[in-house]
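A short worksheet on the structure shown next.
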Amino acid sequence: MALLEIRKLTIGFRHEDGGKYSVVKNVNLELNRGEVLGIVGESGSGKSLTALSIVGLLPYPKAYHGKESSIKFSGVELLDNRSLNEIRGQKIGFVFQEPMSSLNPLHKIGDQIAENLLVHQKMSKKASLSEAINLLKLTGIKDAEHKINAYPHELSGGQRQRVVIAMAVANRPDILILDEPTTALDVTIAAQILELLKKLKRQMNMSFIFISHDLNIIRRICDRVAVMRNGKIIEQGKVEDIFEHPENSYTKSLIYSSNLLKKNNNIKSGFVLTARGLKVKFPLKKSFWGRVTEYFYAVDGVSFKLKKGKTLGVVGESGSGKTTLAHTLMQLVDFDGKIAIEGKDIRQMTRLELAKKVQIVFQDPFNSLNPRMTAGEIIGEGLKIHHKNMASDEQKNIVGRLLKEVGLKDDAFDKYPHEFSGGQRQRIAIARALAVEPDILILDEPTTALDVTIAAQIIKLLQKIQRERELSYLFISHDMRAVRALADDIAVMKDGKIVEMNNAQQLFKKPQHSYTKYLIEASADKKSSHQATKRVG
């Protein structure tokens, strides 16, 4: 008998007017002991709703299940089961995507881990805190004796995710459900979390349900995989069978999207931007009299050149200085050194002159778009600033052409940001940047917040735009696969410095610096990694 059996699971929601609509339809899944089951699909496919229904965390009574729906854990029905509170957290643990949403910012992490032990195992306060220290050590947090007194905001993203995992495994559950546990993390930190999960699975003999839109991660850690789309399971089977011989066209598109290839352009010209000796420092310590005695160098002696019509990828973990470097090029922070665009020092340019030359596309399109403006107004704003005498009809025609160029329909003109999907909002952000016809586009993690298929579409769009407009890109990312698909040259940043810079093909083929090798290995989709995971399991 399977450890977990899901049969004919239907999840729907009730409207306030009494109407109903289904979002998950007739899902059938099994999880065996010691197994890792992956569930993949795009946002809105029903992955998380399926997982939340296992532990009864849907917004009942607004949410409901079909009459034939069944979820059984060790033969015990979980739907409408009064003992679910005893099973949830004790027999079945849950790790969410964003650890800060799972942690109480007002309580120390030691107390939060201990709470699980107090409730489910009736431990004393002293014994539960002692076990909390052991759990932190088990999850790889150093100096655990002191870290139990830390608050969530005092920890890094990777440390917070380790704390959430420690909370989830505190009662040695039989099943651990992981909902996108690495999406918000750097590729190297994500790799560490995966290794931690493998170790915990082996030591505690747990079964995993691993939810993700990242097929690379699914292949590295899962035994079987189920592909969801529009609330249905469209294909499932052993990981190697699904990846090597997918049958469904949607599954094929997911796999294809995760293996983007670089499309070379034949533009041959000089450099559009040069940077020499860039340094950006922030005050770290001050004396009693308020004088700065120590600085933190976010960018420390960086030099590079960007070719016209080409892409320079800048890679590194969070805190390496990538985004600060982008802000430097936009003159948003004070810096030492020199930056020249087509031979002219940017310090000699006005804000408007620089904005005409350089535009930026941010990671999160929702936060970078004004929610009170329509897409047409957002894209046309730059035209009004830089071409004040342009007739409104001409502005509207240009915006219409830009919408078409980025793959959006004419009716998008009068819609607001909340009416678009994440990928569509990013297309609007790109169109806004293109409106003033810049020479350089800074792309700051433009695909990180998107599903794998949508990210692939955005990368293809950027490739197309670059060929047609001969634009130069500075592509900032920690996703080595995305960089490989877009970059001609790559600069690897660590602790504010460029530790290696080379042609993209050469850098991936023969990386010289140990940190570069580490980044590439952490993001690699290797069958050996998948097999190693299975041996651990």
Side-chain angles (χ1 to χ4, degrees), residues 186-191 216 258-278 298-329 339 358 360-361 363 440-448 455-456 458-460 462-463 465-467 471-526:
D186 287 330
V187 62
T188 52
I189 305 301
N216 179 39
S258 66
N259 293 292
L260 278 172
L261 297 176
K262 173 80 172 85
K263 291 186 178 180
N264 294 319
N265 59 54
N266 297 316
I267 302 168
K268 293 182 179 179
S269 57
F271 298 105
V272 67
L273 182 147
T274 58
R276 292 200 303 271
L278 298 185
V299 175
D300 191 3
V302 166
S303 300
F304 64 89
K305 294 181 178 180
L306 177 60
K307 298 174 184 175
K308 182 174 178 58
K310 299 289 185 178
T311 300
L312 173 64
V314 182
V315 301
E317 296 172 284
S318 296
S320 61
K322 307 187 304 295
T323 298
T324 304
L325 179 63
H327 292 170
T328 304
L329 300 179
I339 301 172
V358 185
I360 187 166
V361 176
Q363 175 177 339
I440 300 166
L441 211 55
I442 298 174
L443 304 158
D444 190 2
E445 304 272 12
T447 61
T448 301
I458 295 298
I459 287 176
K460 288 178 182 177
L462 290 169
Q463 290 173 336
I465 290 170
Q466 186 174 50
R467 287 195 304 271
L471 268 172
S472 300
Y473 292 159
L474 189 76
F475 184 59
I476 296 170
S477 182
H478 64 256
D479 186 342
M480 297 296 281
R481 287 170 294 161
V483 171
R484 190 169 197 168
L486 201 58
D488 298 286
D489 301 295
I490 298 176
V492 182
M493 287 194 72
K494 187 177 189 297
D495 300 330
K497 300 176 185 288
I498 291 179
V499 296
E500 184 170 357
M501 185 158 50
N502 204 342
N503 171 271
Q505 290 184 348
Q506 285 297 112
L507 187 134
F508 275 97
K509 189 176 180 180
K510 293 182 179 180
Q512 300 299 311
H513 197 278
S514 58
Y515 180 67
T516 309
K517 295 175 183 177
Y518 180 44
L519 285 177
I520 293 172
E521 289 171 2
S523 62
D525 179 10
K526 299 178 181 178

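Worth saying up front: this structure is predicted, and the values here are computed from it rather than measured.
Between Ile498 and Ala491, the closest heavy-atom pair is CD1-CB, 3.9 Å. Lys305 and Phe271 get closest at one heavy-atom pair: CB-CD2, 3.5 Å. Taking each heavy atom of Arg276 and Ser303 in turn, the nearest pair found is CA-OG, 3.4 Å. Among all heavy-atom pairs drawn from Leu329 and Ile339, the shortest one is CD2-CD1, 3.6 Å. Among all heavy-atom pairs drawn from Lys494 and Val499, the shortest one is CB-CG1, 4.0 Å. The two atoms that bring Ala455 and Thr447 nearest to each other are CB-CB, 3.7 Å, heavy atoms only.
If you take CD1 on Ile476 and CG on Asp444, they are separated by 4.5 Å, rounding to the nearest 0.5 Å. Atoms CZ and CG, from Arg484 and Leu507 in turn, are 9.5 Å apart once rounded to the nearest 0.5 Å. Going from atom CG of Leu278 over to atom CZ of Phe304 covers 6.5 Å, rounded to the nearest 0.5 Å. Rounding to the nearest 0.5 Å gives a distance of 9.5 Å between OG1 of Thr516 and CG of Asn502.
With contacts defined as side-chain heavy-atom distances shorter than 4.5 Å, the pair Leu486/Leu443 qualifies. Inter-residue side-chain proximity for Tyr473 and Val361 is flagged as unmet; no heavy-atom pair is nearer than 4.5 Å. With contacts defined as side-chain heavy-atom distances shorter than 4.5 Å, the pair Met493/Leu325 qualifies. In this structure, the side chains of Ile459 and Gln463 come closer than 4.5 Å at one or more pairs of heavy atoms. Considering only heavy atoms from C-beta on, Gln466 comes within 4.5 Å of Thr311 through its side chain.
Partners of Gln363 according to the side chain to side chain contact (heavy atoms under 4.5 Å, CB included) rule, which considers only residues two or more places apart in sequence or in another chain, are Glu445, Thr448. Ser472 is linked by a side chain to side chain contact (heavy atoms under 4.5 Å, CB included) to Val272, Leu306, Lys308, Ile440, counting only residues two or more places apart in sequence or in another chain. Checked against side chain to side chain contact (heavy atoms under 4.5 Å, CB included), Asn503 has the following partners two or more places apart in sequence or in another chain: Asp489, Gln505, Gln506. Applying the side chain to side chain contact (heavy atoms under 4.5 Å, CB included) rule to Thr188 yields the partners Asp186, Glu317, Tyr518, Leu519, Ala522; only residues at least two apart in sequence or on another chain are considered.
Counting only residues at least two apart or on different chains, the salt bridge (charged side-chain N to carboxylate O under 4.0 Å, His left out) pairs with a member in residues 497-520 are Asp300-Lys497.
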